[in-house]
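One structure is given below, encoded as structure tokens.
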Protein chains: 4
Amino acid sequence: MESKVGRPRSERAREAVLHAVDDLLVEVGYAAVTMKGIAERAGVSRQTVYRWWSTKAEILFEASAADAEEELAVPPTGDTLGDLTTYLQALINFLANTHAGAAYRALIGEAQHDPEVAQLLAGKDILGDSARTVLARATPDHDLDDASARLIGPVFFAIMSGRGPSRLDPQELARRFLA
Amino acid sequence: MESKVGRPRSERAREAVLHAVDDLLVEVGYAAVTMKGIAERAGVSRQTVYRWWSTKAEILFEASAADAEEELAVPPTGDTLGDLTTYLQALINFLANTHAGAAYRALIGEAQHDPEVAQLLAGKDILGDSARTVLARATPDHDLDDASARLIGPVFFAIMSGRGPSRLDPQELARRFLA
Amino acid sequence: MESKVGRPRSERAREAVLHAVDDLLVEVGYAAVTMKGIAERAGVSRQTVYRWWSTKAEILFEASAADAEEELAVPPTGDTLGDLTTYLQALINFLANTHAGAAYRALIGEAQHDPEVAQLLAGKDILGDSARTVLARATPDHDLDDASARLIGPVFFAIMSGRGPSRLDPQELARRFLA
Amino acid sequence: MESKVGRPRSERAREAVLHAVDDLLVEVGYAAVTMKGIAERAGVSRQTVYRWWSTKAEILFEASAADAEEELAVPPTGDTLGDLTTYLQALINFLANTHAGAAYRALIGEAQHDPEVAQLLAGKDILGDSARTVLARATPDHDLDDASARLIGPVFFAIMSGRGPSRLDPQELARRFLA
DNA sequence: CCATAAGCGAGACGGTACGTCACGTCTTTGG
DNA sequence: CCAAAGACGTGACGTACCGTCTCGCTTATGG
């Protein structure tokens, strides 16, 4: 429950920070994004940033989660192969070409050696959720965790390992998944 | 060509650094490993560390690459399903349970936002190479890049995304891969 | 001119602030007394503190001035040496052992580098006034400023310079003053 | 014992800091002197300032102690009244008109509420020492502490309490001291 | 009796200095 | 020429307090 007393949180400041972190990620890269830099870019005091977020990972997550979910939502058409293909295409595009995707890759990277970031991501499994949503209406397979790892894995590995998305064929991957 | 004059590089210092980085990775985690800390732990001057390596990623890569290759080498038995299962089991163990695996996950994470680390990893694709070696003698599939992504991907995603190795069944994954 | 309309100033808040600053001075020392700390200790909003006082020096002065005057008032007995001795004893005790004295020393210290505090103290010369009062009825000396400096000075210096009150002998000082 | 290895301390940095603190004291006043400001003014890193001094009080003390001692040294002439008068004149001038004197007043002020500053000053009692030196050759009085307090006190109080040096007559004070 | 006015608490805001840490470089002694 | 030691400038860290600002609520006075 939010307090009713005291000066209310500035929506302007909140948005400025989220936009700033997004801009900075693109301009200077994740490693060079700093809390100080975010504050200055947003025209907000450092204290205000710390008041609402503990780490740059938290800000980045809040800034990209909504985009990510939207990007990975695929409307059902009844055509299973088509839906999976569309989903994989969206996934490839998200991870390889969007700001939110770059943020997401950076966060997963940080999570490998920062438990707090790992916990942050564990709270909302955007990739897994999107895959499970698509799979729930596409297959009789009831172990959705397992199935989602098999669906996402090849794309995820190809992009995260640095070989890039160019040789990925979503339709072929979808076909093999259903085989 | 290496210079013949002057004091030769100290082999003692080199090994001390590599051991130090390995120890520190276990003790304090990747994020808390610093060049300063490595130098102090190794009993070596900071300048000496910088003389031979640019970043902690380089040291870590050098320190863990050999371990990684050994860990992922699977002797051929002629049994395709068995070999793939053994390989996936080794891969799961490597990524989830070994020091070298933790280092490798950290490096892949860094590579998402640090081009120098990305290039470092691109120079020696340990995961892909190991998979291709196993696949070359196991399947008629000639697109080994594609096949390796499909083989490694599910395991890689499951572990990197934080859901852990516990629910992974290497034999089931190998069977589905061959289907 | 004070306004007649609106909510009147809270006497409760005023007293709470003065008590808080007194308590804090004893507990954490002058340097660690902050406007924020005073407000919290008094159970009063920071705004309210700022509404009535500009600095912690002002609050401290208001909180200790009355105590100081009382502490340094010496009733005349007709015995000049006795009165001066009594006064010097009171002065030693005030500066070295009382809360108000500690506050006063702190304020004089601040006044050395803060013109506003200097002006605050200039408005009411508590030490000088008390000495002049005693001297006016004790000596034919008509330059009371001069005489008060000679009377107070040795005690003041001994305590302010950190050597402490232990070796001060008020009667001996009084005798020498009258010589 | 100082280490012989490693880069030696920069004399240039040391002097720049001492000059900076002196300049700043005059320009902005003690309260507004900050470690950050000193570093910037000296063209030196903050880290370097902290490496050699803990507080601005320490820097100020080091910067002004030598000046202070020089300022308060009075050559003996054999004329007791004359020497004391000269000394008191020098004391008045030091406390009221010199940079080092302003620094010294500020430090004594801080010492009233900062135990570390108090200890710093206790280590070298510049005022007391100078008075004792003059008194040792001027009077048969063997309690030099006591005598120095009586000598310095009136001047010290007059200046510290804010009434200023204008009405002080060193010869008259010396005469009364000897009476 | 209700409108106006000021005081009150709470708490967010933009600032600025704090003292610490690691960075990568530079400068010395000594092998 | 290399190694060690360690000081250097740089710049981000997270915290504290500064003094100001909005809020909604509480008292008072006076039409």
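Lettering follows sequence order; numbering is per chain, from 1.
Proximity of a side-chain donor or acceptor of E110(C) to a complementary backbone N or O of G109(D) within less than 3.5 Å is not detected. No donor-acceptor pair under 3.5 Å is formed between the side chain of Q112(B) and the backbone N or O of I108(A).
Rounded to a whole Å, the CE atom of M35(C) is 13 Å from the C1' atom of dT20(F). Rounded to an integer number of Å, the gap from Y50(A) OH to dA12(F) C1' is 8 Å. Whole-Å rounding puts the Q47(A) CD to dG11(E) C1' distance at 12 Å. Put simply, NZ on K36(C) is 16 Å from P on dG9(E), counting in whole angstrom units. In this entry the distance linking CD1 of I38(C) with C1' of dG19(F) reads 14 Å, nearest Å. The distance between atom OH of Y30(D) and atom C1' of dA17(E), rounded to the nearest whole Å, is 15 Å. Rounded to an integer number of Å, the gap from W53(C) CH2 to dG7(E) P is 13 Å.
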- Note on the structure: Protein-proximity profile, nucleotides 25-31 of chain F, B/S/- by nucleotide at the 4.0 Å heavy-atom cutoff, equals -BBSS--
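With hydrogens and angles ignored, no donor-acceptor pair under 3.5 angstrom links the side chain of R46(D) to the base of dG11(F). Side-chain to base pairing of R51(C) with dG7(E): no donor and acceptor N or O lie closer than 3.5 Å to each other.
The nearest heavy atom of DNA chain F to E40(A) and to K56(C) marks one nucleotide each, and the one closer to the 5' end goes with E40(A). If you find the closest nucleotide of DNA chain E to S54(B) and to S10(A), the one lying nearer the 5' end belongs to S10(A). Between T55(B) and T34(D), it is T34(D) whose nearest contact on DNA chain E lies nearer the 5' terminus.
Side-chain contact between R46(C) and M35(C) is absent, with no heavy-atom pair separated by less than 4.5 Å. Contact check for W53(A) versus I38(A): no side-chain heavy atoms found under the 4.5 Å cut-off.
Here R12(B) reaches the OP1 or OP2 of dA4(F): one of its side-chain N or O atoms lies under 4.0 Å away. Side-chain N/O atoms of W52(D) include none lying less than 4.0 angstrom from OP1 or OP2 on dG6(F).
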- side-chain contact (heavy atoms from CB on, under 4.5 Å) between D67(D) and H99(D), worked out: CA-CA 9 Å; D67(D) 279 5; H99(D) 291 181; over 6 Å; no
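Among the heavy atoms of the strands, none lies under 4.0 Å from G37(C). Note on R14(D): nothing from the nucleic acid sits closer than 4.0 angstrom, heavy atoms only.
Between R41(C) and E27(C) there is a salt bridge, with a side-chain nitrogen of the basic residue lying less than 4.0 Å from a carboxylate oxygen of the acidic one.
Residues passing the salt bridge (charged side-chain N to carboxylate O under 4.0 Å, His left out) test with E62(A), sequence neighbours excluded: R14(A).
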